[in-house]
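Shown next, in structure tokens, is the structure this report addresses.
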Amino acid sequence: QRLASVVFLAAPFLGALTRSPSIAAVIFVVAVLMALSAVAIHAVKNLMIIEGKEYRTIWYEESVVNIIDQTKLPHNFVIKELKTVKDAINAIKIMEVRGAPLIGATAAYGIVLAIQENNNLEFIKKSSEKLVNARPTAINLQWAVHRMSNRLSFVNQEDLFDVALKEADEICNEDINFCKNIGLNG
């Protein structure tokens, strides 16, 4: 970001030295692109900083899914732990998680919690159906549950948890990148 600032400030000077406005313009465009890249990298690294600590709206840590309870915002910042698939279903139903990407991510992590709770295919299937029914009109929720189900279809039962957690993390990372790109491109 500092390099971009130096190039940005030096562009007119370098253009004058070369007696070419087009070179100055090219240098200016390069500086702007460098600055935007630095901002994008900063945005990915620091998703949300609250009181000096980085947060996501949802994350898995030490056998629980943590969410920022959106029913408490903007006046209170509350991290809620989801320990079971029922907790994930409830968080979706009562809108503790809001917005299509976050609802989908919660459903994906809900499947992780279901596997963690009871690594039984019938239980996981019923949990998936209950997740979808938590908010039947939520397209991202249905999409995430179907994606998780498809990914887990041919996985050995002893590997289900690891594969599900990796896929849920991937869903979250993809959504972060989608949102970042919307912010950069408008």
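Because only heavy atoms are used, hydrogens play no part in the values below, and waters and symmetry mates are left out as well, while side chains stay in. Computed from a predicted structure; not experimentally measured.
The shortest distance between side-chain heavy atoms of Glu96 and Gln70 does not fall below 4.5 Å. Taking the side chain as every heavy atom from C-beta outward, Lys130 and Val85 never approach each other to under 4.5 Å. In this structure, the side chains of Leu113 and Asp87 stay at 4.5 Å or more apart for every pair of heavy atoms. Contact annotation: the side chain of Leu102 never approaches that of Asp175 to less than 4.5 Å [non-hydrogen atoms, C-beta and beyond]. Side-chain contact between Leu152 and Gln157 is absent, with no heavy atoms from C-beta onward closer than 4.5 Å.
When each of Asn66, Val64, Ile67 is paired with Trp59, the side chain to side chain contact (heavy atoms under 4.5 Å, CB included) condition holds for Asn66 and for no other.
Between Arg151 and Glu170 there is no salt bridge, since no side-chain nitrogen of the basic residue lies less than 4.0 Å from a carboxylate oxygen of the acidic one.
Using a 4.5 Å cut-off between side-chain heavy atoms of Ile, Leu, Val, Met, Phe, Trp and Tyr, with links allowed through other members, Ile79 and Val112 fall into different hydrophobic clusters. Residues Ile139 and Met95 do not share a hydrophobic cluster, defined by chaining ILVMFWY side chains whose heavy atoms lie under 4.5 Å apart. Using a 4.5 Å cut-off between side-chain heavy atoms of Ile, Leu, Val, Met, Phe, Trp and Tyr, with links allowed through other members, Ile58 and Ile176 fall into different hydrophobic clusters. Cluster annotation: Phe123 and Val65 are assigned to the same hydrophobic cluster (Ile/Leu/Val/Met/Phe/Trp/Tyr, side-chain heavy-atom contacts under 4.5 Å, transitive). Under the 4.5 Å side-chain heavy-atom criterion for Ile, Leu, Val, Met, Phe, Trp and Tyr, Val163 and Leu121 are members of the same hydrophobic cluster.
Side-chain atoms of Arg135 and Asn140 include no donor-acceptor pair closer than 3.5 Å.
Minimum heavy-atom separation, Ser128 to Ile111: OG-CD1, 3.8 Å. Leu141 and Ala107 make their closest contact through CG-CB, 4.0 Å (heavy atoms, listed as atom of the first residue, atom of the second, distance). A pairwise comparison of heavy atoms in Ala91 and Leu82 identifies CB-CD2, 4.1 Å as the closest pair. Counting all heavy atoms, side chain and backbone alike, Ala88 lies closest to Thr106 at O-CG2, 4.0 Å. The two residues Ile171 and Ala108 come nearest to each other via the heavy atoms CD1-CB, 3.8 Å. Contact record, Asp69 with Thr71: OD1-OG1, 2.5 Å, taken as the closest heavy-atom pair.
Here the CD1 atom belonging to Ile92 is positioned 7.0 Å from the CD1 atom belonging to Ile103, to the nearest 0.5 angstrom. Of the inter-residue distances, the one linking Gln116 atom CD with Ile124 atom CD1 reads 11.5 Å to the nearest 0.5 angstrom. Rounding to the nearest 0.5 angstrom, the gap separating the CD atom in Glu167 from the SG atom in Cys172 is 11.0 Å. In this structure, the separation between NZ on Lys126 and CD on Glu122 is 5.0 Å, given to the nearest 0.5 Å. In this structure, OG in Ser63 is found 10.5 Å from CD in Glu81, a value given to the nearest 0.5 Å. Taken from CZ in Phe161 to NZ in Lys166, the straight-line distance is 14.0 Å, to the nearest 0.5 Å.
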Practice item. Could you walk me through whether Val97 and Thr57 pass side chain to side chain contact (heavy atoms under 4.5 Å, CB included), step by step? Key: CA-CA 8 Å; Val97 292; Thr57 53; over 6 Å; no

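Under a cut-off of 6.0 angstrom, the local environment of NZ in Lys86 is sparse, with at most 12 non-hydrogen atoms contributed by other residues, nucleotides or ligands.
In this structure, the side chain of Asn181 engages the main chain of Asn177 through a donor-acceptor pair within 3.5 Å.
Aromatic ring orientation, Phe77 versus Tyr55: perpendicular (interplanar angle above 60°, classes split at 30° and 60°).
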